[in-house]
Number of protein chains: 2
Amino acid sequence: MRVTAPRERVYAALTEAPHSTPEEIIERVNAAGGTPVPPSSVYRALEALEEIGLVTHTHLDHRAPTYHPADHNRHLHLVCRSCGVVLESPASIADPLVAELEQEHGFVADVTHMAIQGECRRCRS
Amino acid sequence: MRVTAPRERVYAALTEAPHSTPEEIIERVNAAGGTPVPPSSVYRALEALEEIGLVTHTHLDHRAPTYHPADHNRHLHLVCRSCGVVLESPASIADPLVAELEQEHGFVADVTHMAIQGECRRCRS
DNA sequence: TTGAATGCAAAAAATTTGCATATTG
DNA sequence: CAATATGCAAATTTTTTGCATTCAA
């Protein structure tokens, strides 16, 4: 795995703005100026970074996946339908559900990959 | 809301094959023969059916949404990463998590909209 | 009859691919 | 030096939109 400028710039963009879609990353990487990075290189960089575990992606909603630096404190993503805010909660909060799913269905769940939709405190009030 | 042929055919396709993507629905509706229904009409029919609550959609993975007839027994979707099988579980299995999320974050979760990724019993063995 | 819905074709949006060139290790 | 990664352009894929025509109520 080579360290290249596009990969470094994509990773930098993700630390500046986690939960970015590919499009947002493309824009951010290029907004910074310097040699432009074409979309195809951004897509390939994301793929590479994800493969070595530096980056992960999550599906927050019906749109494109969002990428962020891999976090060893895995977390659940909670997305508000009204305002779009993304809350995070330790993945462990779902441990009882995960255990139940395994017992009931023999299914080993990864609750961090897909967000949970709902409505946040502020929008409810 | 008018009852029209395209809408009836789209709904019929969903009862025959729930969890279909728009593309699959387009194919199924037209495979049946008869007057072809163009993609735009399928998309519009899905939107209309969803609006009146006859149909819902769920995000099973990174691909297109999948549609199915609305079910008053709401359920969680469990998707196996290896084989792609879609298991269902009563939404109530997540009640404790939902309660916890509300208490901790004031977030009212709808756990049925996004599937949970993981690995099914058969693929694990 | 008449407004809602369709069908068609074209546009838009998002992602992928092939290939020659440049670059890392 | 040799294999990997980039940049560019074109091709795909998926979904949306405008508009004249048709059809359900």
Side-chain angles (χ1 to χ4, degrees), chain A residues 1-14 17 19-68 79 84 113-115, chain B residues 1-14 17 19-68 79 84 113-115:
Chain A
M1 166 65 62
R2 293 184 181 173
V3 177
T4 67
R7 287 173 181 174
E8 289 184 314
R9 290 168 69 188
V10 165
Y11 187 77
L14 289 182
H19 298 136
S20 296
T21 62
E23 296 235 312
E24 289 163 344
I25 298 162
I26 291 165
E27 192 175 359
R28 177 172 288 266
V29 163
N30 288 308
T35 310
V37 179
S40 57
S41 296
V42 171
Y43 281 104
R44 289 192 276 225
L46 287 170
E47 191 178 11
L49 291 170
E50 189 157 31
E51 197 165 86
I52 61 173
L54 262 186
V55 160
T56 13
H57 75 265
T58 302
H59 299 277
L60 295 186
D61 58 17
H62 62 99
R63 337 196 97 217
T66 60
Y67 290 80
H68 56 90
V79 181
H113 190 68
M114 304 285 277
Chain B
M1 167 66 62
R2 293 184 180 173
V3 176
T4 67
R7 287 173 180 175
E8 288 184 315
R9 290 166 71 188
V10 165
Y11 187 77
L14 289 181
H19 297 139
S20 297
T21 62
E23 296 235 311
E24 289 163 345
I25 298 163
I26 292 165
E27 191 175 0
R28 176 171 288 267
V29 162
N30 289 307
T35 310
V37 180
S40 57
S41 295
V42 171
Y43 282 103
R44 288 193 275 226
L46 286 170
E47 191 178 10
L49 292 170
E50 189 157 32
E51 196 165 87
I52 61 173
L54 262 186
V55 160
T56 15
H57 75 266
T58 302
H59 299 277
L60 295 186
D61 57 17
H62 61 101
R63 337 198 94 216
T66 60
Y67 290 81
H68 55 90
V79 181
H113 190 67
M114 303 286 275

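Fair warning: this is a prediction, and the values are worked out from it, not measured in the lab.
- Counting to the nearest Å, the P atom of dT13(D) and the CD atom of Glu24(B) are 16 Å from each other.
- The listed nucleotides are dG7(D), dT15(D), dT15(C); the one nearest the side chain of Glu23(A) is dT15(C).
- Nearest approach of Ala45(B) to Val10(B), heavy atoms of both residues: CB-CG2, 3.9 Å.
- Two residues, Pro22(A) and Pro6(B), neighbour DNA chain C, and the one matched to the more 5' nucleotide by heavy-atom proximity is Pro6(B).
- Atoms OG1 and NE2, from Thr66(A) and His59(A) in turn, are 8.0 Å apart once rounded to the nearest 0.5 Å.
- Phosphate proximity of dT6(C) to Ser41(B): absent, as no side-chain N or O sits under 4.0 Å from OP1 or OP2.
- Counting non-hydrogen atoms under 4.0 angstrom, Ala64(A) reaches the backbone sugars and phosphates but no base.
- As a whole-Å value, the separation of Tyr67(B) OH from dT15(D) C1' is 10 Å.
- Toward the 5' end of DNA chain D, the nearer of the two residues Val3(B) and Thr35(A), judged by each one's closest nucleotide, is Thr35(A).
- Across the protein-nucleic acid pair, Arg7(B) atom CZ and dC23(D) atom P stand 15 Å apart, rounded to whole Å.
- Note: CD1 (Ile52(A)) to P (dT4(D)) measures 16 Å, nearest angstrom.
- A donor-acceptor contact under 3.5 Å is not formed by the side chain of Thr4(B) with the base of dC23(D).
- Between dT16(C) and Tyr43(A), no contact under 4.0 Å exists linking OP1 or OP2 to a side-chain N or O.
- Comparing dT15(C), dT17(D), dC8(D) against the side chain of Pro65(A) picks out dT15(C) as the nearest.
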Problem - Trace of the side-chain contact (heavy atoms from CB on, under 4.5 Å) decision for Ser20(B) with Leu14(B) - result: CA-CA 7 Å; Ser20(B) 297; Leu14(B) 289 181; 4.3 Å; yes
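- Each of Arg2(B) and Pro38(B) has a nearest nucleotide on DNA chain C; the 5'-most of these lies closest to Arg2(B).
- Remark: aromatic rings of His57(B) and His113(B) are close, center separation under 6.0 Å.
- The CG-P distance, from Leu46(B) to dT14(D), rounds to 15 Å in whole Å.
- To the nearest angstrom, C1' of dT4(D) lies 14 Å from CD of Glu47(A).
- Atoms CG (Asn30(B)) and P (dT6(C)) sit 14 Å apart, rounded to a whole Å.
- Met1(B) places its CE atom 18 Å from the P atom of dG3(C), with the value rounded to the nearest Å.
- Among the protein residues, Arg44(B) comes within range of the nucleic acid bases, having at least one heavy atom under 4.0 Å from a base atom.
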Practice task
Could you give me the CA-CA distance, side-chain angles and deciding distance for Thr58(B) and His68(B), then say whether side-chain hydrogen bond (donor to acceptor under 3.5 Å, both in side chains) is met?
Solution key: CA-CA 8 Å; Thr58(B) 302; His68(B) 55 90; 3.3 Å; yes
